[in-house]
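Read the structure below first, then the notes.
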Amino acid sequence: MKYSIEKVATLIGARRYGQSEGQISWLLTDSRSLCFPEETLFFALRTQRNDGHRYIDDLYRRGVRQYVVEKVPEHHESLYPDANFLRVPNTLAALQRLAERHRDEFLSGVNGGAERKVPIVGITGSNGKTMVKEWLYQLLLPSQKIVRSPRSYNSQIGVPLSVWLLNEQTEVGIFEAGISQPGEMSALRDIIQPTIGVLTSLGTAHQENFRSMEEKCMEKLELMHDTEAMVYCSDNDIVSRCIRRMQYKGEKIAWSRYDEKVAFFIKEIATKESDTRITYVYQEEENSYTIPFIDEASIENAITCAAVALRLGLTPGQLADRMPLLEPVAMRLEVKEGQRGCVLINDSYNSDVNSLDIALDFMQRRCQQPMADGRHPKCKTLILSDIYQSGTSAEALYTQVSELAVKRGVERFIGIGPELTAQADRIQVAEKAFFTDVRHFLSSDIFAGLHDEIILLKGARSFGFDQITEQLEQKVHETILEVNLNAMVENLNHFRSFLKPETKMVCMIKADGYGAGAVEIAKTLQEHRVDYLAVAVADEGVTLRKAGITANIMIMNPEMTAFKTMFDYDLEPEVYSFRLMDALIKAARKEGITGWPVHVKFDTGMHRLGFDPVNDIDELIERLKHQNAIIPRSVFSHFVGSDSDGFDDFSAKQFALFDEGSKKLQAAFGHKILRHMDNSAGIEHFPERQMDMCRLGIGLYGVDPRDNHILHTVSTLKTTILQLRHVPAGETVGYSRKGKIERDSVIAAIPIGYADGLNRHLGNRRCYCLVNGQKAEYVGNICMDVAMIDVTDIPCAEGDQVEIFGEHLPVTVLSDTLDTIPYEVLTGVSNRVKRIYFQD
């Protein structure tokens, strides 16, 4: 769909400045994701910490001519003579309004001379939204043309960008709606205008912003108003109670395992070794289907999908045919180290044009920075399979694919599949090759020649792209640490929500990003514009600089032997003693340096490191003022017990000491000296003590230090079952015969030990891991490279995945068992454990 700039102005009620003609196909809210400037409309969104108006000048130079703004730039006629500015009171509201009007434009009323009302499915809930959306897509795709939300585009910005994808060929729309606080759903409801509403499971996500689960449920149910039908599970008492309260007037398609009177009754669930058969009663007719999954979440999500699909017109026979073909949903984009110096971006099994553009944008951004070892990739390579059932002709589809690849800077294009091979001439990338299947590609000289490049893998599941990943992936330990970059950003934004717009943020990524890997963490934090990164020693800062990190970096424990390194790599040291300060001044003078920024540390009660803010302050000011080699950029101290109410009186004394000393330091200098004392716990507990900056540490990695509850899980440590062994009662397992077996048991060996960071004190049934969602205790002593676990009552097989800690087993379970803190467990994960990074 294309809109003239004149029509856009009318639809959003904007006042237009500029008279240039323009056609709009693309909406842009993030200047870094620009692809087709000639047909792009940029919305200059304002947030607490950023303002899209500041990127207008850069975007104009890059070819963008159409803007929605709250303030028209001064002298726009001379500075931007070919631009159109559509002025509105609120750019986010205008974005949402445009999507709403776009949804109205051709999905209700007359289109092409006939009444055409396209069913729209709106999905909300705490868990399972993306899974239900993708499985519905798989179930309906063989017979209908579907438009759905890309990835997890379910926010106030993501929903309008998703709805904008609706076009004349659309036969069904499927959109997610996610909310995190009260009052957000009404805007999303107006944009999506669903005809069928779906409520997935209700969980604790974002519960901190709601007074009760009932309040959160009622907010989610706002999506259902005015829908023709609603699908939900009536076995949840809170959901049922809230639906009665909202007095819903549409068709209630409730499903239940216990109540035979509901519209969709689940009569039987029969789980076998690798699949589940579900027998149901719908419209007084009993039928069944089988899914190739056995976990509870998949079973519930499949039931929800079945109810929606039948309501949309699928027959029970079609449902029974298609359910066994459901594929695992790759809801994340993984970054892995590959062989021969390559970096792999694995986005397989999610093959369509919209998700291709998102993945190409991610690759382009990653290519703007060096890799972890400082090298730049010599080539940006896209390996793509045929794209099935796109709703457009092959000629138009692969012309669009080519345009995207060229615009996103792809230098080598490898197409796999008969359709891509037939359309080879439409791909305009300079270096290209085509293969009918994966097998021919893997045996080719092209595959053998891949080295020192960044490779995006994007293929339909039927092509078996996992074979390519298997061949290209660096072969290391079977134990992996998965790092969810989206979860880290969620945690960052959670703590940012406590801050005033002007308060700066320091993010702690010492100890290799608390074990998660400092480089990828730093790249993501830099993209989200944190003000400072902090590491422990200079070498950690050098690693970040070599990886392309340009953000300000603070060195918390500077070594006197590393001053030259800090100067060479633009690293800002902490100073905590006169001895250290004198040595730093001497080193700076030797290099001819003046005005090097330093961060002055006060000891207000930790009694670890720092100047005394009372007894040292006069001498500190005197020495700083009588030299010009260094200059105080910030002054800070540490709360001893901001995580506990019991230390509040002591914290108040600490703050009073710091406040007095830091103000005296500031008064002695004409430039602004940033003051900071709040850490992760302090950000929540002492919002009145934010001052100029706050330091975010363990909270960034998903642990709330106030009560140790998990916010959003960033790191998940996983391994696999190497071997299963039947051990009779009376035998022992492991070194020193510590693991006494009381009954005939099945013992699994897993390739993780204390050399990987699995503490020996977790052994001998003191703690457990998860196998297929069930607790499996550690048996006997944990060895250096292997641990043994009891899986006697757990259905499992060799090769099955084991979760040591993560999404389903909080790291705090391990730290509580060890009588320690989560920091120790996270930072203890060995470097020989491979890190895999992904984003939803």
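Contacts of Ala394 classified as side-chain contact (heavy atoms from CB on, under 4.5 Å), with partners at least two apart in sequence or in another chain: Tyr398, Glu419, Gln423. Glu285 meets the side-chain contact (heavy atoms from CB on, under 4.5 Å) test with Asn287, Pro316; sequence neighbours excluded. Residues meeting the side-chain contact (heavy atoms from CB on, under 4.5 Å) test with Ser288, sequence neighbours left out: Arg277, Thr279.
Ionic pairing of Lys718 and Glu803 is not present here: no N-O contact between side-chain nitrogen and carboxylate oxygen is shorter than 4.0 angstrom. By the 4.0 Å N-to-carboxylate-O rule, Arg257 lies too far from Glu268 to be salt-bridged with it. The residues Asp30 and Arg32 are annotated as salt-bridged, a charged nitrogen and a carboxylate oxygen being separated by less than 4.0 angstrom. For the pair Glu214 and Arg245, the salt-bridge criterion is not met [side-chain N within less than 4.0 Å of a carboxylate O]. Classification of Arg835 and Glu520 as a salt-bridged pair fails, no side-chain N sitting under 4.0 Å from a carboxylate O. Between Asp226 and Lys249, none of the side-chain N atoms (NZ, or NE/NH1/NH2) sits under 4.0 Å from a carboxylate O, so this pair counts as no salt bridge. With respect to the salt-bridge test (charged N to carboxylate O, under 4.0 angstrom), the residues Glu228 and Lys117 qualify.
In this structure, CZ on Arg103 lies 14.5 Å from CG on Leu98, to the nearest 0.5 angstrom. Note that CG of Leu223 and CE of Met185 are 5.0 Å apart. Values are rounded to the nearest 0.5 Å. Going from atom CG of Asp321 over to atom OH of Tyr289 covers 14.0 Å, rounded to the nearest 0.5 Å. Atom CG of Asn154 and atom CD1 of Ile192 lie 9.0 Å apart (nearest 0.5 Å). From Glu327, atom CD reaches atom CZ of Phe293 across 8.5 Å, with rounding to the nearest 0.5 Å. With rounding to the nearest 0.5 Å, the separation of CH2 in Trp255 from CD1 in Ile278 is 8.5 Å.
Of the residues Thr304, Ile303, Leu310, Val132, the one that meets the side-chain contact (heavy atoms from CB on, under 4.5 Å) test with Val231 is Thr304.
Checking side-chain atoms of Ser256 against main-chain N and O of Tyr258 turns up a donor-acceptor pair under 3.5 Å. In this structure, the side chain of Asn301 engages the main chain of Ala297 through a donor-acceptor pair within 3.5 Å. Under a 3.5 Å cut-off, the side chain of Thr40 and the backbone N or O of Leu27 do not form any donor-acceptor pair. Although no hydrogens or angles enter the test, the distance criterion places no donor-acceptor pair under 3.5 Å between the side chain of Gln774 and the main chain of Leu770. Judged by distance alone, with hydrogens and angles left aside, the side-chain atoms of Asn491 form a donor-acceptor pair with the main-chain N or O of His712 at under 3.5 Å. Put simply, the side chain of Gln96 gets close to the backbone of Gln156: a donor and an acceptor are under 3.5 Å apart. Proximity of a side-chain donor or acceptor of Thr315 to a complementary backbone N or O of Gln318 within less than 3.5 Å is detected. In this structure a side-chain-to-backbone donor-acceptor pair under 3.5 Å is missing from Gln467 to Val438. Using a distance-only test at 3.5 Å, with no hydrogens or angles considered, a donor-acceptor pair links the side chain of Glu215 to the main chain of Arg211. Between the His102 side chain and the Leu166 main chain, a donor and an acceptor come within less than 3.5 Å of each other.
Put simply, the side chain of Leu188 reaches to within 4.5 Å of the side chain of Ile179, judged on heavy atoms. You'll find the side chain of Leu95 reaches within 4.5 Å of the side chain of Ile157, heavy atoms only. Looking at Asn167 and Lys145, their side chains never come closer than 4.5 Å, going by heavy atoms from C-beta outward. Side-chain atoms of Asp361 and Ile358, non-hydrogen and from C-beta on, never get closer than 4.5 Å to each other. Side-chain contact check for Arg408 versus Cys35: some heavy-atom pair is nearer than 4.5 Å. For the pair Lys252 and Ile243, the minimum side-chain heavy-atom distance is below 4.5 Å. By the 4.5 Å heavy-atom criterion applied to side chains, Leu28 and Leu41 are not counted as neighbours. With contacts defined as side-chain heavy-atom distances shorter than 4.5 Å, the pair Met224/Leu199 qualifies.
When all heavy atoms of Ile291 and Leu326 are compared, the pair lying nearest together is CG2-CD1, 4.3 Å. Across Ile710 and Pro810, no two heavy atoms sit closer than the pair CG1-CB, 3.7 Å. When every heavy atom of Pro292 is checked against every heavy atom of Pro324, the shortest pair comes out as CG-O, 3.6 Å. Of all the heavy atoms in Gly125 and Thr200, the pair that sits closest is CA-OG1, 3.3 Å. Across Tyr280 and Leu319, no two heavy atoms sit closer than the pair OH-CD2, 3.8 Å. The shortest heavy-atom contact between Ala254 and Ser234 is CB-CB, 3.9 Å.
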side-chain contact (heavy atoms from CB on, under 4.5 Å) between Glu100 and Gln193, worked out: CA-CA 8 Å; Glu100 184 181 339; Gln193 302 171 56; 3.7 Å; yes
Full working for side-chain contact (heavy atoms from CB on, under 4.5 Å) between Val121 and Ile123: CA-CA 6 Å; Val121 180; Ile123 305 171; 3.9 Å; yes
Audit row: Leu711, His709, side-chain contact (heavy atoms from CB on, under 4.5 Å) steps and yes/no: CA-CA 6 Å; Leu711 299 169; His709 85 270; 3.4 Å; yes
side-chain contact (heavy atoms from CB on, under 4.5 Å) assessment of Leu492 paired with His528: CA-CA 9 Å; Leu492 172 67; His528 287 81; 4.1 Å; yes
Steps toward side chain to side chain donor-acceptor pair (under 3.5 Å) verdict (Glu176, Thr130): CA-CA 7 Å; Glu176 292 183 50; Thr130 302; 2.8 Å; yes
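With no hydrogens or angles considered, no side-chain donor-acceptor pair links Thr290 and Asp275 at under 3.5 Å. In this structure, a donor-acceptor pair under 3.5 Å is absent between the side chains of Asp466 and Thr469. Counting only N and O atoms by type, the side chains of Ser25 and Glu39 include a donor and acceptor under 3.5 Å apart. There is a side-chain donor-acceptor pair under 3.5 Å between Asp800 and Asn772.
For Tyr3 and Trp164, the ring centers sit closer than 6.0 Å to each other.
Around the OH atom of Tyr282, the shell of radius 6.0 Å holds more than 12 heavy atoms that belong to other residues, nucleotides or ligands.
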